[in-house]
2 protein chains.
Amino acid sequence: MRASPPKEIEKYRVDAVDAALGVLQLIAEAPDLGLSEITRRSGQSKARVYRLLCSLEASNFISSTAEKRTYRLGLAALAIGNAAERQIDIARIAGPIIAKLGSSTGETVQLRVRDGRNSLCVAGWEPERAVKVLAGIGGSRPMHAGSGVVLLAFQDEAFRETLLSEPLKAFTERTCVDPDRLRQVLANVRSQGFYVSHGEVSPDLISISAPVMGPDGKIIATIHIGAPTGRVSESLLPTLVETVRSAARELSALLAASRNPG
Amino acid sequence: MRASPPKEIEKYRVDAVDAALGVLQLIAEAPDLGLSEITRRSGQSKARVYRLLCSLEASNFISSTAEKRTYRLGLAALAIGNAAERQIDIARIAGPIIAKLGSSTGETVQLRVRDGRNSLCVAGWEPERAVKVLAGIGGSRPMHAGSGVVLLAFQDEAFRETLLSEPLKAFTERTCVDPDRLRQVLANVRSQGFYVSHGEVSPDLISISAPVMGPDGKIIATIHIGAPTGRVSESLLPTLVETVRSAARELSALLAASRNPG
DNA sequence: CCGATTGGTTCGCTAGATGAACCAATGGTT
DNA sequence: AACCATTGGTTCATCTAGCGAACCAATCGG
């Protein structure tokens, strides 16, 4: 069977399916919208959106609240998500390590992977404290800020450059949006093997990230802890960095082991 | 706007979308199958399945392992699932109550709702013990066995009868598959307000379930604890039953409160 | 009381999805 | 090593199924 000639996924896509999945993701991001609003945001025709909604609803991927005629995710979406958690190696294997890192540091932990040009949180852990960072599992954002920087640092140069050549969104005034400075930062991350971010994603938030590498030397994910700046003193930092790095190494090793069964 | 005339969801369904969602669910249940096997199981034509797979993959709902040409759920599925967990009232609100019930009894907890003619686990909790029942979040099975009995007991009579009129699958030799006896059991559950199941779903497993009711008197879910039979002595049972029932009542109240905001 | 907007429905047209047939590559069997 | 069944992937003429414009009745806000 043909091994390498790249199969042409793009040219076989079924338009109706793409549109439906788009609507589904729209509803995931913005629940409780009505037909008209969904139509507007999706840029499709109303009749089409309505039909897609019917199909999605009939399969229980979405459900419409009885009277208000407004849509949100349904039970099938729940089921799919939980199946995904079991099927996706990294989410499953990382679980225990994330929990350990969390309870030993007492701070929120996130595991993020590249999803297209975004950084997506695939697993997380939250401490039982009044003040904490939200884990936001399933959340997605550009990878040029916060722990995403680590993810970006270890991508192919080509990918990095195309991403740097586009306008970069500033989340706070501390977000680095200058390509040249960012290039410097990325080089630093590559040589040091970790990254500490101060208020780049939201003010008063500090995060410490380290890369999870595959046996082929490619990056798989970033693991990081996030804490309110007040809780991370200058003296505490080095210990935390080492704790995060060792968790990242441990996860890298476990993943490598799982790929070569036996 | 028309209030009651039932909108005709069925007749607007888009075939390609239905087929795609079917394939997606197939992959959720049985990951790591190849094109041919998926084609066989879905009963569609190979070309169609291939196109659907392309669309699903392009949107990251599934991903194909590089060389083995085999498919499993992708990152978008994860993201959707986590969004669903946040959007679906019952899954979100039940979280703390489930955890409390779990840690106070030391046994696995499940919250199950009706999904079509099945009972679907929407949330769960597992103890940190060597021997325990699996939570199986996202799992689905017929509702005539185990805690599903409670779900069935409080459905409309019409629904109950149509379900009873069909052949009932026996999971173990203790599963009740006789319509008449089952009718008796259901009546009992309705009058007592709880149900204790011994090895109906799998041997050596006991479960104690109570219904979560809506303000309209309709059933919303069942909450139950599941334990190895050996850990539940005759003398312990009454206390456990009361603990489960009170958790169910608490959840019912919380849900009622959330529906009438303010 | 009115105009704007909502969710839902109809219908004729044709773009686009469809399935049968085909291909090359692979792997187990003899 | 020659075989055959099976795999993942591709093509193309056919015709159906999805399409959007237009429409409807029910609400809502003012």
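For the numbers below, each heavy atom of this structure counts, side chains included, while hydrogens, waters and symmetry mates do not. Keep in mind the model is a prediction, meaning the values are calculated, not measured. In what follows, every chain begins at residue 1, and chains take the letters A, B, ... in the order their sequences are listed.
With sequence neighbours left out, the side-chain contact (heavy atoms from CB on, under 4.5 Å) criterion links B/E126 to B/T108, B/K132, B/L134, B/A135. Listed by chain and residue number, A/D89 satisfy the salt bridge (charged side-chain N to carboxylate O under 4.0 Å, His left out) test with A/R92 (two or more places apart in sequence, or in another chain). A/K169 is linked by a side-chain contact (heavy atoms from CB on, under 4.5 Å) to A/H144, A/F171, counting only residues two or more places apart in sequence or in another chain. B/T172 meets the side-chain contact (heavy atoms from CB on, under 4.5 Å) test with B/R174, B/T175, B/P203; sequence neighbours excluded. Taking B/E85 as the reference, nothing meets the salt bridge (charged side-chain N to carboxylate O under 4.0 Å, His left out) condition, with sequence neighbours excluded. Scored by the side-chain contact (heavy atoms from CB on, under 4.5 Å) test, A/A94 finds A/I98, A/L111, A/L251 as partners (sequence neighbours excluded).
Here the closest non-hydrogen pair linking A/S252 and A/P211 is OG-O, 4.4 Å.
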Look for any protein N or O under 3.5 Å of an N or O in nucleotides 28-30 of chain D and output each such pair with its distance, or none.
none

Per-pair distances, 0.1 Å, donor-acceptor, side chain in residues 24-38 of chain A, under 3.5 Å, sequence neighbours excluded:
| unit_1 | atom_1 | unit_2 | atom_2 | d |
| --- | --- | --- | --- | --- |
| A/D32 | OD1 | A/R72 | NE | 3.0 |
| A/D32 | OD1 | A/R72 | NH2 | 3.0 |
| A/D32 | OD2 | A/R72 | NH2 | 2.8 |
| A/E37 | OE1 | A/R40 | NH1 | 2.4 |
| A/E37 | OE2 | A/R41 | NE | 2.9 |

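The bend of the helix from C/dC1-D/dG30 to C/dT30-D/dA1, defined by the angle between the axes of its first five and last five pairs, stands at 50° to the nearest 10°.
C/dG8 atom P lies 10 Å from atom OH of B/Y12, rounded to whole Å. The CZ-C1' distance, from B/R41 to D/dT7, rounds to 16 Å in whole Å. Note: CG (B/D18) to P (C/dA17) measures 15 Å, nearest angstrom. Protein atom CG of B/L35 is 15 Å distant from nucleotide atom C1' of C/dA25, rounded to whole Å. For B/L53 and D/dT10, the CG to P distance is 13 Å, given to the nearest whole Å.
No N or O donor and acceptor, one from the side chain of B/K46 and one from the base of C/dG19, sit under 3.5 Å apart.
Listed by first and then second residue, the salt bridge (Lys or Arg N to Asp or Glu O under 4.0 Å) pairs that reach into residues 143-160 of chain B come to none, sequence neighbours excluded. Among residue pairs with one or both ends in residues 14-25 of chain A, those qualifying as salt bridge (Lys or Arg N to Asp or Glu O under 4.0 Å) are A/R13-A/D18, A/D15-A/R48; sequence neighbours excluded.
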Scoring nucleotides 14-19 of chain D by protein non-hydrogen atoms under 4.0 Å (B base, S sugar-phosphate only, - none) yields ----SB
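Screening A/V189, A/V212, A/L186 for a side-chain contact (heavy atoms from CB on, under 4.5 Å) with A/V150, the sole residue that qualifies is A/V189.
Distances shown here put every side-chain N or O of A/S36 at or beyond 4.0 Å from the OP1 or OP2 atom of C/dT5.
Comparing C/dG8, D/dG9, C/dG19 by their closest approach to the side chain of A/Y50 singles out C/dG8.
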